[in-house]
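Throughout, residue positions are numbered sequentially from 1 according to the sequence presented. Order of appearance sets the numbers: ligands from 1, and atoms from 1 within every ligand.
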Amino acid sequence: MSLALGARVGLPDDLLFLLAAHPRETWEGGLGDVGRFWLSRHGMFRQAQAMLLSEARGFVATPDVARFRPRFARLAGFLLGELETHHTVEDHHYFPRLALLEPRLQRGFDLLDADHHALHDTLAATADTANAVLRADGERDAREAALRAEAAIDRLGGLLDRHLADEEDIVAPLLIARGEETLR
Ligand SMILES: [Fe+2]
Ligand SMILES: [Fe+2]
């Protein structure tokens with residue numbers, strides 16, 4: 001089974017040994033402030049993606065250019081920009097430090113790093129479709145561009161859900177098992 005983002009349906013068992021000891025229902029009480037903040041960023045990304053998708057769908061159903069453009073531009077800029085920043089912090093700060101705490105998870109952090117590259121390409125493609133909506137001339141062109149943006153945002157959502165869930169299953173149990181000091 002390929003473990004590439006877009007192909008895998010979950011993590012292999014050898015990356016989930018800490019999750020068995022620290023399942024999701026223990027995270028709220030087990031994580032410290034760093035872990036809880038990090039997890040809340042993921043919640044915010046899921047919410048922003050859902051809102052962006054809903055804006056694109058709403059526009060396709062009932063085109064209202066004046067209302068749609070500023071909302072869509074602000075939401076798209078926020079989601080795409082904040083995600084890139086989040087990935088940079090994880091790749092350069094979080095993952096190298098966390099991997100030192102548990103070398104058996106190094107393969108997992110390599111996988112998550114590769115996810116970020118795949119997501120980067122998808123984010124760029126999504127930004128292209130979003131810009132096309134904002135530049136479109138006339139309602140018909142804007143609606144057709146919004147249909148393409150909707151498909152791109154939907155695809156991004158699928159990849160993002162997989163990545164965030166798998167990342168949480170690796171990182172949250174590790175933070176609970178070994179503490180959060182290394183991320184401060
Ligand atoms: Fe990530
Ligand atoms: Fe993350």
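When atom types are taken as modelled, the side chain of Asp154 and the backbone of Glu150 share no donor-acceptor pair closer than 3.5 angstrom.
For the Fe ion (ligand 1), the nearest N, O or S atom contributed by Glu167 is named OE2. The Fe ion (ligand 1) lies closest to atom NE2 when only the N/O/S atoms of His163 are considered. Taking the N/O/S atoms of Glu90 in turn, the shortest distance to the Fe ion (ligand 1) belongs to OE1.
At least one N, O or S atom of His42, from either the backbone or the side chain, sits less than 2.8 Å from the Fe ion (ligand 2). Because the distance cut-off is set at 2.8 Å, His116 qualifies as a neighbour of the Fe ion (ligand 1) through one of its N, O or S atoms. The Fe ion (ligand 2) has no N, O or S atom of His87 under 2.8 Å away, backbone or side chain.
Side-chain contact, His117 with Asp113: a donor N or O sits under 3.5 Å from an acceptor N or O.
When hydrophobic clusters are built by joining Ile, Leu, Val, Met, Phe, Trp and Tyr residues whose side-chain heavy atoms come closer than 4.5 Å, directly or via intermediates, Met44 is grouped together with Leu79.
Under 4.0 Å is where a charged nitrogen must lie from a carboxylate oxygen, and between Glu144 and Arg148 no such pair does.
The number of heavy-atom neighbours closer than 6.0 Å to CD of Gln106, taken from other residues, nucleotides and ligands shown, is above 12.
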